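Okay, structure first, notes after.
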Amino acid sequence: MAAAATTTTTTAGTTTSTCRVAKPYSSLAAFSPSQLPFKFNKVTSRSNNSIRCTLTRNPFSVTEMDGKTEFDPALWQRPDSLGRFGKFGGKYVPETLMYALSELETAFYKLADDREFQEELFGILKDYVGRESPLYFAERLTEHYKRPNGEGPLIYLKREDLNHTGAHKINNAIAQALLAKRLGKQRIIAETGAGQHGVATATVCARFGLQCIIYMGAQDMERQSLNVFRMRLLGAEVRAVHSGTATLKDATSEAIRDWVTNVETTHYILGSVAGPHPYPMMVREFHAVIGKETRKQALEKWGGKPDVLVACVGGGSNAMGLFHEFVNDKDVRLIGVEAAGHGLDSGKHAATLTKGEVGVLHGAMSYLLQDDDGQIVEPHSISAGLDYPGVGPEHSFLKDEGRAEYYSVTDDEALEAFKKLSRLEGIIPALETSHALAYLEELCPTLPNGTKVVLNCSGRGDKDVQTAIKYLQV
């Protein structure tokens, strides 16, 4: 189990406080046409090469309207120039990684003005990945959730499961592989839980002729054996991680240790909106194509915006990819669904935002599952992609500011939703996606008639069939 440590944190003013730091952080580590898959928000300053935890003052604008205080998301800095979302985020890494992170951030911002890069990325997303992914009206699922009087919400699925490799992960993997080539890095490492990010990374490395090493927890390798074979078939070396809980947390730790050792020749394609800055921002921007397409498709289909967005949350990349476009639209509800495992009171869950406390893990401050001594508490989910004790710092920020809502769903509820979508729509969803689908049971009865709900179908369930066989009688 990881040891605990404390660190001094400095506010934007002069006040200081302390926060628990959950190890193993110390051993880790203007061409913008409308059709482009993402956009960049430039900053005018950069952090220096020191390891710090800066607690900024509330980054929102407060206005008075009819005697009420209102917070304006349009004026939030996400992130600020130090890579922080309010008090969350930052860079908690060894000094050996600071240069690599600064180099990566600089390269990321330069891409905003790089016409060749933008056109290459857009072309690959279109012709190789198969974007844009459909916004599908789930007619029978909608009918299922109608009330006795015939009223109910209208449910649409954003079909990221139809992407090449079967999930949203390919969006970020391709963009980061192109970025690594620009940096002259020929060796790629990545972590994976459910295996979809590992498959996406192995795929793009095969596409671009890059060496690929994937770290995966031994437990996840057993329950995701199909994806392990796919990665190896694609030419990747899959390294089993037996330490700790042998799941995503431990795979991430090993990947960062590798990066510390080989930083000059290696690029780490981190798969979620977690880790040290600039990864949460960068991965979000590479997945923001999901929300941009959703806005465009909603306008085409019904002439307006979605009313509610729903997505599962582990680290949180598919959810941020959908949410980011709509954070400033205060009339659009943002709902993230975590893994409640065997139940929130069982101690066997991965509901970080629901039950966690603020700490530092894998290079960033966010909510974590930890005990009173700052030790990481072992998470549990039937879904390997949600079996993680942390969450992206931007999700932590959106939770604290009340802009996004976060709920949790048990293993049993997710399995039932897995079966339900398969039989109602002929779509077998990933167990990660099944958590978001399961929350419709609670959500739909509360929504006015005709409410437009868009649920991110983040991946397909081929990889989860062997797991489901153990629990479902079909």
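Since the model is a prediction, treat every value here as computed from it, not as a measurement. Heavy atoms only: backbone and side chains are in, while hydrogens, waters and symmetry mates are out.
For CD of Glu264, the number of neighbouring non-hydrogen atoms (other residues, nucleotides, ligands) closer than 6.0 Å is 12 at most. Residue Glu222 places its CD atom among 12 or fewer non-hydrogen atoms of other residues, nucleotides or ligands, all under 6.0 Å distant. Atom CZ of Phe137 has more than 12 heavy atoms from other residues, nucleotides or ligands within 6.0 Å. The number of heavy atoms from other shown groups lying within 6.0 Å of CD (Glu300) is above 12. Summarising the local packing, CG of Leu135 is surrounded by more than 12 heavy atoms from other residues, nucleotides or ligands at distances under 6.0 Å.
Checking side-chain atoms of Gln118 against main-chain N and O of Leu111 turns up a donor-acceptor pair under 3.5 Å. Put simply, the side chain of Arg159 never gets that close to the backbone of Leu162: no donor and acceptor are under 3.5 Å apart. Checked by atom type and distance alone, the side chain of Arg460 pairs as donor or acceptor with a backbone atom of Asp161 at under 3.5 Å. One N or O on the side chain of Glu338 and one on the backbone of Leu353 form a donor-acceptor pair closer than 3.5 Å. In terms of modelled atom types and a separation under 3.5 Å, the side chain of Asp127 and the main chain of Ile124 share no donor-acceptor contact. At least one donor-acceptor pair under 3.5 Å links the side chain of Asp307 to the backbone N or O of Lys452. Here the side chain of Ser225 pairs no donor or acceptor atom with the backbone of Met221 at under 3.5 angstrom. Listed for the His435 side chain is a donor-acceptor partner under 3.5 Å among the backbone atoms of Leu431. At distances below 3.5 Å, at least one donor-acceptor pair connects side-chain atoms of His395 with backbone N or O atoms of Gly316. Side chain of Ser272 to main chain of Ala274: no donor-acceptor pair is present (N/O by atom type, distance under 3.5 Å, no hydrogens or angles).
Counting heavy atoms from C-beta outward, Arg187 and Ile213 have side chains that approach closer than 4.5 Å. Residues Leu179 and Met282 have side chains in contact (heavy-atom distance under 4.5 Å, counting atoms from C-beta outward). Taking the side chain as every heavy atom from C-beta outward, Asn171 and Asn163 approach each other to under 4.5 Å. Using a 4.5 Å heavy-atom threshold, the side chains of Val310 and Val308 count as touching. Inter-residue side-chain proximity for Ser366 and Val358 is flagged as unmet; no heavy-atom pair is nearer than 4.5 Å. A heavy-atom distance below 4.5 Å is not found between the side chains of Glu103 and Leu101. Counting only heavy atoms from C-beta outward, the side chains of Gln219 and His242 never approach each other to under 4.5 Å. Using a 4.5 Å heavy-atom cutoff, the side chains of Gln466 and Leu226 are not in contact.
The heavy-atom pair separating Glu191 from His197 by the smallest distance is O-CD2, 2.9 Å. In terms of heavy atoms, Gly193 sits closest to Met216 at O-CE, 3.3 Å. Considering every non-hydrogen atom in both Pro306 and Phe326, the closest pair reads CD-CE2, 3.7 Å. Nearest heavy atoms, Thr192 versus Leu248: C-CD1, 3.6 Å. Shown here for Ala251 and Gly217, the closest heavy-atom pair between the two residues is CB-N, 3.8 Å.
The pair Arg239-Asp258 meets the salt-bridge criterion, since a charged nitrogen lies less than 4.0 angstrom from a carboxylate oxygen. For Lys305 and Asp329, the salt-bridge test passes: some basic side-chain N is under 4.0 Å from an acidic carboxylate O. Lys296 has a carboxylate O that lies under 4.0 Å from a charged side-chain N of Glu132, or vice versa, which qualifies the two as a salt bridge. Arg223 and Asp220 are joined by a salt bridge, as a carboxylate oxygen and a charged side-chain nitrogen come within less than 4.0 angstrom of each other.
Under the 6.0 Å cut-off for aromatic ring centres, Tyr156 and Trp302 qualify, their centroids lying closer than that.
A donor and an acceptor atom, one from each side chain of Asn318 and Glu160, are nowhere located under 3.5 Å apart. With 3.5 Å as the limit, one finds a donor-acceptor pair spanning the side chains of Ser317 and His168. For the 3.5 Å distance criterion, the side chains of Gln176 and Asn172 qualify, holding a donor opposite an acceptor. For the residue pair Glu378 / Thr245, no side-chain donor-acceptor distance below 3.5 Å is found, with atom types taken as modelled. Side-chain N/O atoms of Tyr367 and Asp400 include a donor and acceptor closer than 3.5 Å. In this structure, a donor-acceptor pair under 3.5 Å is present between the side chains of Gln297 and Lys158. A donor-acceptor pair shorter than 3.5 Å can be found between the side chains of His362 and Tyr388. Neither side chain, Glu432 nor Ser458, offers a donor N or O lying under 3.5 Å from an acceptor on the other.
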Verify ring pair (Phe, Tyr, Trp, His ring centres under 6.0 Å) between Phe85 and Trp76, making sure each step is shown before the conclusion.
-> CA-CA 9 Å; Phe85 304 85; Trp76 289 347; over 10 Å; no
Take Phe397 and Phe88 through the test ring pair (Phe, Tyr, Trp, His ring centres under 6.0 Å) and record every step on the way to the result.
-> CA-CA 7 Å; Phe397 171 74; Phe88 301 104; 7.4 Å; no
Verdict with supporting geometry, Lys126 and Arg131, side chain to side chain contact (heavy atoms under 4.5 Å, CB included) | CA-CA 5 Å; Lys126 179 177 182 292; Arg131 303 210 71 95; 5.6 Å; no
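Considering Arg84, Lys91, Glu105 as possible partners of His277, the one that fulfils the side chain to side chain donor-acceptor pair (under 3.5 Å) test is Glu105.
With sequence neighbours left out, Phe208 forms a ring pair (Phe, Tyr, Trp, His ring centres under 6.0 Å) with no residue at all.
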